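Beneath this line is the structure, given in structure tokens, with notes to follow.
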Amino acid sequence: MSRISKHLSLACEAGATYRLLNQGVSKLELQIQSDLLGAAFGNNATSVLDAGATSRILRTVHAWKDKLGAVNASTALHLLAQSSQSTDALPRLHQESAELVLSTVGGNAQPRDLAIASWAAAKLRLERAGCADTALQALNIAALACAARMDGQDMANIAWAFATMQLQAEELLTVLAEEASTKLQQFEPKHMVVLTWALAKAKVRSEDFCWAAASETQRSKASKWMPQDISNFLWANAVLRCEAPVPMEILAARAADLHWKQFRPQELSISMWAAYTLGVHGRGPTTRAVKRMLQHAAREIRTSGAQDFEPRHIINAAWSLARWQRHCRLMGWPQELKPYVCRPALRVLLGAAARDLKKFAARELSRLMWAGASQSCLKLRELGPPLLQYVRTSHAAEFDADDLVSLVNSLAWMLERLVWEAPGRRTKSMLPQLCPRMPGTPMSDTARHLQGRRPAAPSP
């Protein structure tokens, strides 16, 4: 809970003024804070901000403009970030928010004030406003100056904000990672995961932090982690590619304890993609843990379906399964997934995609078709009509040479398997046989060999 929230909780109790004064909060600051909250919520007992809250908050800010300190300026920013559904609703919102950031930085700000201001700046998309450049730079400098005094929540919020805004904050994120690497045992799991995610989002590698995070995960056994923590941590490590070994066995065991059905489609597909990416560079226990994670995730898709999957979720899940199978075959690894788990899961994903192929980009569709064809999971009767409609539209112009070759190759491979494999599924030619074989004539060894031959897998 933030310092503001603590003050507000105390204000509801008898004798709160005396305790607030002992904590260094003046009656004037308490009055400003009360006015801000009254402007935001009014008489609303549900603590839900209405459409007019932004205008009321800005009027209150103007009324106390010369007396706002760091605490109240950050409170105003937090309320504006919560109340502004669209940053285009008020043209002056970015300018007013930038001034509040400067008031926070220049008002003897504590780490929690800077963390609140950073979070609000990211929510308000201040990086898109040219008028906020000076304010964001000042916020960066202030956060650097007090990094040593931050706790896990402050570091996580500031790192998330600057990574989300995609600002040039490599120095700040590096300092936060170095400070955090020595005290991760004091962090909540979500704070460590968010900081790891922010480093990956900003492409800032810190080997010391990655080793410390891996060690802390091993020590805690990820016992308090939730599905979002697992997916974000796996994704971050897959992007960073640090030298520290990712504790895949711990994460696979935790995911199994939580049950994969608790993973939302985004969390499930990201976990699968990250596990595959980490697995192709791993050895021994890592590859066994990756097989376990992918097989359990595929079983969940096979059982529960993919009705709520978006195109990106379908692509990530299908690509991960198909590429892992292909990699294991090429490398001779025994960690290949069981066909009775992998192939039904791919068919479910392809069936979900067939319902609305127009949502897929050309590159995504090409990869999806390759994933299904490489595992003999394409159902041409199901995918053929929507695919033909897709190609007939303007989407066909979006395919580059590689995508088109991969798509045609996948279809050709499936057609060849359809002809050569099961006799009951062969296409029947309407042309007369020029040299029909006489009844009772034994089949030649060459013909028998050709009938049983299986074509090679296409390249992606």
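Values in this document were obtained by computation on a predicted structure and should not be read as measured data. Values reported hereafter were calculated over all heavy atoms of this structure, with side chains retained and with hydrogens, waters and symmetry mates removed.
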* For the pair Trp370 and Trp319, name the ring-plane relationship: parallel under 30°, tilted 30 to 60°, perpendicular over 60°. => tilted
* Inspect the contact between Glu300 and Arg302 and indicate whether a charged nitrogen and a carboxylate oxygen are less than 4.0 angstrom apart. => no
* **Contacts of His327 that satisfy ring pair (Phe, Tyr, Trp, His ring centres under 6.0 Å) - sequence neighbours left out** => Trp333
* Asked: Would a distance-only check, ignoring hydrogens and angles, find a side-chain to backbone donor-acceptor pair under 3.5 Å from Asn409 to Val405?
  -> no
* Atom pair CZ/OH of Arg323 and Tyr276 - distance to nearest 0.5 Å -> 4.0 Å
* Kindly say whether Lys338 contributes a backbone atom to a donor-acceptor pair with the side chain of Gln295 at under 3.5 angstrom? => yes
* To do: For the pair Leu368 and Leu350, evaluate side-chain contact (heavy atoms from CB on, under 4.5 Å) and give the outcome as yes or no after the intermediate values.
  => CA-CA 8 Å; Leu368 180 65; Leu350 290 166; 3.7 Å; yes
* **side-chain contact (heavy atoms from CB on, under 4.5 Å) between Gln389 and Lys358, intermediate numbers included** => CA-CA 9 Å; Gln389 181 64 27; Lys358 64 178 180 293; over 6 Å; no
* Indicate whether any N or O donor in one side chain lies under 3.5 Å from an N or O acceptor in the other, for Ser231 and Ser271. => no
* Which residues share a side chain to side chain donor-acceptor pair (under 3.5 Å) with Glu364, sequence neighbours left out -> none
* Between Lys183 and Asp151, is there a salt bridge with N-O shorter than 4.0 Å? -> no
* To do: Indicate yes or no: does Lys190 engage Asp229 in a salt bridge with an N to O separation below 4.0 Å.
  => no
* To do: Output yes when a side-chain donor or acceptor of Gln325 lies under 3.5 Å from a complementary backbone atom of Leu321, and no otherwise.
  => no
* Asked: Is Ser320 reaching over with its side chain to a backbone N or O of Trp273, donor-acceptor style, under 3.5 angstrom?
  -> yes
* Main-chain N/O of Trp211 paired to Ser215 side chain as donor or acceptor, under 3.5 Å -> no
* Asked: Where the side chain of Arg343 meets the backbone of Gln375, is there a donor-acceptor pair that is under 3.5 Å apart?
  -> yes
